[in-house]
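A short worksheet on the structure shown next.
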Amino acid sequence: MKIAMASDHGGFKLKEHIKTHLAGRGAEVLDLGTDSEESVDYPVFGKACGEAVASGKAERGIVCCGTGVGISIAANKIRGIRCALCANVFMAEMAKRHNDANIIALGGRVLDEETAVRIVDAWLDAEFEAGRHRRRVEMLDGL
Ligand code: RB5
């Protein structure tokens, strides 16, 4: 699976940690930046990841900023993106099972690395339940 990743400075270290974890899982990572902890604007990076997933360059995406909030808002501005801000494993699992989230957002100043990795794994390992949830996801995509 090809996974696009992007962060601002607040999520940079977490992005790097998750990249290593994803490589260990055998995933291919498309790193869209940023490349350091120098201050940058999260909308640029949320947009880049959203566009990579929406265009099919990557199947899924993971975005990180300080809280995960700003970069999730940016990614969700791109048509076809369902980006879920996840603060725990339950949210991550349900984000796939019920919302078919194609991107998750994580907060580098909110989560420790171990929790973040467990969140990523829960989301990647979960299956979309479809059924009534498909109708709701279609409604989301029609908004
Ligand atoms: C940057 O300082 C911070 O505002 C950003 O990383 C993010 O938390 C915004 O939602």
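Worth saying up front: this structure is predicted, and the values here are computed from it rather than measured. What you see below is based on every heavy atom in this structure, not just the backbone, and it leaves out hydrogens, waters and symmetry mates. Note that ligands are numbered from 1 as they come in the structure, with each ligand's atoms numbered from 1 the same way.
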### Task
Have a look at Y42, F12, F45 and point out the one with the heavy atom closest to atom 4 (O) of ligand 1.
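It is Y42 that holds the nearest heavy atom.
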Measure the distance from [atom] to every protein heavy atom, then report the residue, atom name and distance (to 0.1 Å) of the closest one.
{"atom": "atom 8 (O) of ligand 1", "result": "T67 N, 3.0 Å"}
{"atom": "atom 7 (C) of ligand 1", "result": "C65 SG, 3.3 Å"}
{"atom": "atom 1 (C) of ligand 1", "result": "H9 NE2, 3.5 Å"}
{"atom": "atom 3 (C) of ligand 1", "result": "R109 NH1, 3.9 Å"}

Before accepting this row, confirm whether a basic side-chain N of the pair [X]/[Y] lies closer than 4.0 Å to the acidic partner's carboxylate O.
{"X": "R134", "Y": "E138", "value": "no"}
{"X": "K96", "Y": "D125", "value": "no"}
{"X": "E16", "Y": "K19", "value": "yes"}
{"X": "R25", "Y": "D121", "value": "yes"}
{"X": "K2", "Y": "E59", "value": "no"}

### D8, portion touching ligand 1 at heavy-atom distance under 4.0 Å
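Answer for D8: side chain.
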### Query
If you draw the axis of the six-membered ring of W123, does the NZ or CZ of R60 fall within 45° of it and under 6.0 Å from the ring centre?
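Positive - R60 is close enough to the ring of W123 and near enough to its axis.
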### Message
I need the atoms of ligand 1 closer than 4.0 Å to a non-hydrogen atom of G66, numbered in the order shown.
### Response
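So the answer, numbered in order with elements, is 5 (C), 6 (O), 7 (C), 8 (O).
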### Task
Show which atoms of ligand 1 fall inside a sub-4.0 Å distance from at least one heavy-atom site of G70.
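In order of number, 9 (C), 10 (O).
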